[in-house]
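In what follows, chains carry the letters A, B, and so on, assigned in the order in which the sequence lines appear, proteins first and then strands, with residues in each chain numbered from 1.
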4 protein chains.
Amino acid sequence: MPEARTVKRRTKSEDSAKADQASTSSSERPRLRDAERTSKAILAAATKEFAERGYGGARVDAIAERAKINKRMLYHYFGGKDALYVAVLEGSYIAIRSAEARLDLSHRSPADGMRELVVFTWQYFLDHPEFLGILSTENMHKARFLKRSARIFELHSPLVSEISGLLDRGAAAGDFRPDCDPVKIYMSIAALGSFFLTNRWTLSTIFRRNLSDKAEIDAWGEHIVDVIFAYLRP
Amino acid sequence: MPEARTVKRRTKSEDSAKADQASTSSSERPRLRDAERTSKAILAAATKEFAERGYGGARVDAIAERAKINKRMLYHYFGGKDALYVAVLEGSYIAIRSAEARLDLSHRSPADGMRELVVFTWQYFLDHPEFLGILSTENMHKARFLKRSARIFELHSPLVSEISGLLDRGAAAGDFRPDCDPVKIYMSIAALGSFFLTNRWTLSTIFRRNLSDKAEIDAWGEHIVDVIFAYLRP
Amino acid sequence: MPEARTVKRRTKSEDSAKADQASTSSSERPRLRDAERTSKAILAAATKEFAERGYGGARVDAIAERAKINKRMLYHYFGGKDALYVAVLEGSYIAIRSAEARLDLSHRSPADGMRELVVFTWQYFLDHPEFLGILSTENMHKARFLKRSARIFELHSPLVSEISGLLDRGAAAGDFRPDCDPVKIYMSIAALGSFFLTNRWTLSTIFRRNLSDKAEIDAWGEHIVDVIFAYLRP
Amino acid sequence: MPEARTVKRRTKSEDSAKADQASTSSSERPRLRDAERTSKAILAAATKEFAERGYGGARVDAIAERAKINKRMLYHYFGGKDALYVAVLEGSYIAIRSAEARLDLSHRSPADGMRELVVFTWQYFLDHPEFLGILSTENMHKARFLKRSARIFELHSPLVSEISGLLDRGAAAGDFRPDCDPVKIYMSIAALGSFFLTNRWTLSTIFRRNLSDKAEIDAWGEHIVDVIFAYLRP
DNA sequence: CATGAATGAGGATTCATTCAT
DNA sequence: AATGAATGAATCCTCATTCAT
């Protein structure tokens, strides 16, 4: 009952990447007393664990073991399983939106920009299976944890604006049909990509067709482009 | 879907059971064919519980309570959590495929048949949220349990044939583009429907738009039809 | 299922084996499947543990061990440490008030009745050190748990009435001073008895005088009577 | 009461220390004699924490936070939780005995002196709830820690002598009954005061009467005087 | 003197499953 | 057929204390 908990979050400095580099290059020392490194290791391990097993299935012990840290540290840095999960969730969204932001779609032709967005999204999903796993878990909980995050909406408005710009320019140029809803477009792209990857296990079984094969994956990537462009066709 | 269960344990004459009960039920309990009733109640309860909480999150106690049966019965009829989950999984697939089979798409025009399939699928997903929940859970486990089920492929080949027929007739009539993969078409339909419903919780949060509103849901249903028909357009 | 747990706990087989031996060899049958017995054993064990160590210091494991039951049962019957503590608390009050109720003070002379009450209280405190321990703990928590108990006041009004009757009859007979507050009288009796017993450990140390000696204890019992009667003297 | 600590670590001239600090504190930290200040802060914080939560319930982290010091300092100055607790315990006794020593009862009439002692004790208990809390905790542990303290008896003999003197003078003057045991008298005073204050939480609940009200508290103070003087009456 | 990271040994609670009736 | 008691192995979390800087 005497909850004098002092959940402190790390102030991550800009040199983090640099520090990581340094640590990995320095011949695998145990590197004790490195708050940032520990904190990151926990977050990375937790992301994997939560993505693979879901919130309920994830084990705090397993996260600690994956991160090669003492379990106690996890509580020290994040306060508990819940808070760690929220950190993972936010981190996952920030990561994809940050990568997206680097696309700079506005200096391309609408068609090229759209293709880039679709391809990027598909590739990101492929490269970051944890992201889809986290989303799946979070939705099973009806976004219970995500709702706690205040800044999540701000994180996404640039994306909508960007797509909106593409659609407007495409419509003006006669490349795209007019009056498309940018959110619907994004959701369609995400739906086609996400569904294939997250559901390929049951789909492979029921259709007796190994959807994890490179050929199948590549074909589906093209299929998404086809579907989206067919829909956008004026 | 529980009614479609084929593997029944203990299929002794139901009448005799009824007779047995007749004496005891004279007081207050309206127990008719307890064995089957109990078994069905367990399956229905388990389907909800597994869908809502995932395999790991589901609680045997909770299932027993939902089913209003003694927990021991669950072990009696199904053997354990694993086996019960497999029964739920199979039952879920059998249910949707059975409903689909009742569509009789082959006697309609290709366009009408396709529209019917899309609308049916969307409506089925809407009406049976447990189905999507079960799939989500099963995929998180990489279809580990589904693979155990021998007859699951046979269950799905009629669906593929049916769509194949539609596509062929549509292509022949010049309504659809030629050489469409029926599995890809089905997966696209399912992707657009499933993604919206299972992911609407996070999507509503990040886009600050309540996707559980009837208007949004209806609009998305039409969107799926639009997308699929745009893609099929020759 | 996903539980490919690697973190294993040390399986201490020796203690359990020893415990098993003890229970079976001591001619008392293990007495399985006896809900009431188990429940009572837990309550008795918990009363001792909470009294000796306080709420925070009490160990659920220790209670289970004292009661010779599986720890899980404790949760089955009482729900948790909190609820078990509340049960102990209520049980303690019910026990003393029930014993008091058997005194039947109203058919004695006021002086005899009062003496009987004082002696009984002192003796009860002596015989039931757990009661004082529980009270001490509960007061350290500012009666946080007791406040939850609805029926605790009703339990005590008979006591107040009884003392009130004694005081009135004594005042009428000229034995006692008039206008005594029955609650103050009871509190004085309890104070003198309780303080000696609960604080005798520090008192023995600071005054270098073993207050746990029978002679000291007996003398204090008489002292309480003296003090109370001196106060009641008209 | 920490200010009453006689055993001071590092008692160097305070002025010089202040001067020393003046130069260093020029930046931001107002550190005056950090060693002593820190040590006192820890002791004060620990006293509160132990009194409120008991030994087992007290948290080293909480003490560090209350004292606004680094947890490590606590180990530096006191060695550990046990030793800190003992320091708190001794400090508490020293504080009350020191205050008592300032009463100078021997130059008053026996009745006045006794009244003064009773009133002082009651007021001290009221003003220093931590003292009672510490005693309560220590007694729950059967004075395990207090026994370690060598000088605790010497601390109390003056008190006994003082009361003894009062009783003798009172008996000689015919104000008090003869042959009173000074320890019993002191224990009676303490019992009535301590019991009311420490047990008022449960008492308020069972008698449905708010004993923390000023009126009730004042009344009880008078009641103690009444009881003690009634008992002393020859 | 001071700091905050790190840790191992518990501590309460929960869970799927089996046993006795 | 049905029930509820019983259980051991986890599972999340906490704590006093030590270590490296």
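- Nearest-nucleotide positions on DNA chain F for D:D82 and A:K81 put A:K81 closer to the 5' end.
- With rounding to whole Å, A:R53 atom CZ is found 11 Å from F:dC12 atom P.
- Spacing between atom CD of D:E65 and atom P of E:dT3 amounts to 14 Å, rounded to whole angstrom units.
- Rounded to whole Å, atom P of E:dT13 lies 10 Å from atom CD1 of C:I63.
- Under 4.0 angstrom from either OP1 or OP2 of E:dA2 there lies no side-chain N or O belonging to D:N70.
- Taking 4.0 Å as the cut-off between side-chain N and carboxylate O, D:R148 and D:D82 count as a salt-bridged pair.
- Checking F:dA10 for Watson-Crick or G-U wobble geometry (two distances, each under 3.5 Å) identifies E:dT13 as its partner.
- Ion pair D:R66/D:E49 flagged as a salt bridge, since at least one NZ, NE, NH1 or NH2 atom sits closer than 4.0 Å to an Asp/Glu carboxylate oxygen.
- Between the CD1 atom of B:I69 and the P atom of F:dT3 there is a distance of 8 Å, given to the nearest Å.
- The phosphate of E:dA6 (OP1 or OP2) has a side-chain N or O of A:Y77 nearer than 4.0 angstrom.
- Among the protein residues, C:A58 comes within range of the sugar-phosphate backbone only, with heavy atoms under 4.0 Å from sugar or phosphate atoms but none that close to a base.
- If you measure from atom CZ of D:R72 to atom P of E:dC1, you get 12 Å, rounded to the nearest angstrom.
- OP1 and OP2 of F:dA2 both lie 4.0 Å or more from every side-chain N or O belonging to B:H76.
- The base-pairing partner of F:dA1, taking Watson-Crick or G-U wobble contacts with both distances under 3.5 Å, does not exist among the strands shown.
- Nearest approach of D:Y85 to D:E138, heavy atoms of both residues: OH-OE1, 2.7 Å.
- Taking 4.0 angstrom as the limit, D:R59 places a side-chain polar atom (N or O) nearer than this to OP1 or OP2 of F:dC15.
- Mapping C:Y75 and B:V60 onto DNA chain E via the closest heavy atom, the residue that lands nearer the 5' end is C:Y75.
- Protein atom CE of A:M73 is 5 Å distant from nucleotide atom C1' of E:dA6, rounded to whole Å.
- Counting distance only, with no hydrogens placed and no angle test, the side-chain atoms of B:K71 and the base atoms of F:dT3 include no donor-acceptor pair under 3.5 Å.
- If you measure from atom CG of C:D61 to atom P of E:dG11, you get 7 Å, rounded to the nearest angstrom.
- Using a 4.0 Å cut-off between charged nitrogen and carboxylate oxygen, B:E36 and B:K40 count as a salt-bridge pair.
- Following rounding to the nearest Å, C:Y85 (OH) and E:dA12 (P) show an atom-to-atom distance of 15 Å.
- Residue B:T38 places no side-chain N or O under 4.0 Å from the OP1 or OP2 atom of F:dA1.
- Looking at B:K68, its side chain never comes within 3.5 Å of a backbone N or O of B:A41 through a donor-acceptor pair.
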